[in-house]
Amino acid sequence: MKDINLNNRKFLLIENSKNGAVNSETVFEYKQDGDLVTADYSGGTIRYGKIIGYLSNNQLIMRYQCLTTENELKSGKAIADISLTKKSKIKLSLNWQWLDEENKKGTSEYIEY
């Protein structure tokens, strides 16, 4: 899995916890330089979002922040397990947590398209 490259890859949501902010219309566009990974995301419930993180074996350790269509500023942290589907598409399975007063946790899955 070390040879995974997220550069110029786009992802869509497959599944999200109820307390998540993104929906199936949100598009994530990743960039990668070595183990440094960044992404911009928007669409659906998200006006704009940004991810910064690094690769460690088959995981992406990240922080994210976004502005929703309701003008909420949100931020959180996540660890994404990276895998390949039978059709050789990259799948990201996240365990995440909001960084706010409640610190709610959740899970979500994204697929390369």
Geometric cation-pi criterion, Lys105 with Trp96: 6.0 Å, 45°: no
Any side-chain heavy-atom pair of Tyr64 and Trp98 under 4.5 Å: yes
Side chain to side chain, Tyr110 and Leu94, heavy atoms closer than 4.5 Å: yes
Nearest non-hydrogen partners of Gln59 and Ile82, listed with the distance: C-CD1, 4.1 Å
Backbone of Asn103 reached by a side-chain donor or acceptor of Gln97 within 3.5 Å: yes
Test item: Lys77 and Leu99 side chains (from C-beta on) under 4.5 Å apart, heavy atoms: yes
Sequence neighbours excluded - side-chain hydrogen bond (donor to acceptor under 3.5 Å, both in side chains) pairs with any residue from residues 33-48: Asp40-Tyr48, Asp40-Lys50, Arg47-Asn71
Nearest heavy atoms of Leu13 and Glu15, plus distance in Å: CD1-O, 3.1 Å
Approximate separation, where rounding is to 0.5 Å, of Ile52 CD1 and Gln65 CD: 9.5 Å
Ile111 side chain reached by Thr85 side chain, heavy atoms, under 4.5 Å: yes
Ala80 backbone acceptor or donor facing Asn95 side chain under 3.5 Å: no
Atom pair CZ (Arg9) and CD (Glu29), whose distance is rounded to the nearest 0.5 Å: 14.0 Å
From Leu92 atom CG to Ser83 atom OG, the distance as rounded to the nearest 0.5 Å: 8.0 Å
For the student: nearest non-hydrogen atoms of Gly106 and Ser17, plus distance: CA-OG, 3.4 Å
Heavy-atom check, side chain of Leu60 versus side chain of Tyr30, under 4.5 Å: yes
Closest heavy-atom pair and its distance - Gly43, Thr26: O-OG1, 3.0 Å
Validation row: Ile51, Arg63 side chains within 4.5 angstrom (heavy atoms): no
Spacing of Asn58 atom CG and Ile4 atom CD1 [to the nearest 0.5 Å]: 9.0 Å
Thr69 to Gly44 - nearest heavy-atom pair and separation: CG2-O, 3.3 Å
Flag side-chain contact, heavy atom, 4.5 Å: Val27 against Leu12: yes
Glu112 (side chain) donor-acceptor with Lys10 (main chain) under 3.5 angstrom: no
Distance in Å, Ser93 OG paired with Glu109 CD, rounded so as to fall on 0.5 Å steps: 4.0 Å
Those residues that, when tested against Ser24, pass side-chain contact (heavy atoms from CB on, under 4.5 Å) (two or more places apart): none
Ring centres under 6.0 angstrom apart (Tyr113, Phe11): no
Closest non-hydrogen atom pair between Asn19 and Lys104, with its separation: ND2-CB, 3.2 Å
Validation row: Leu67, Glu72 side chains within 4.5 angstrom (heavy atoms): no
Distance, nearest 0.5 Å, that separates CG of Leu73 from OG1 of Thr68: 8.0 Å
Fellow cluster residues of Tyr54, listed by chain then number, with links counted only when side-chain atoms sit under 4.5 Å apart: Ile61, Ile79
From CA spacing to verdict: side-chain contact (heavy atoms from CB on, under 4.5 Å), Met62, Val37: CA-CA 8 Å; Met62 68 174 85; Val37 176; over 6 Å; no
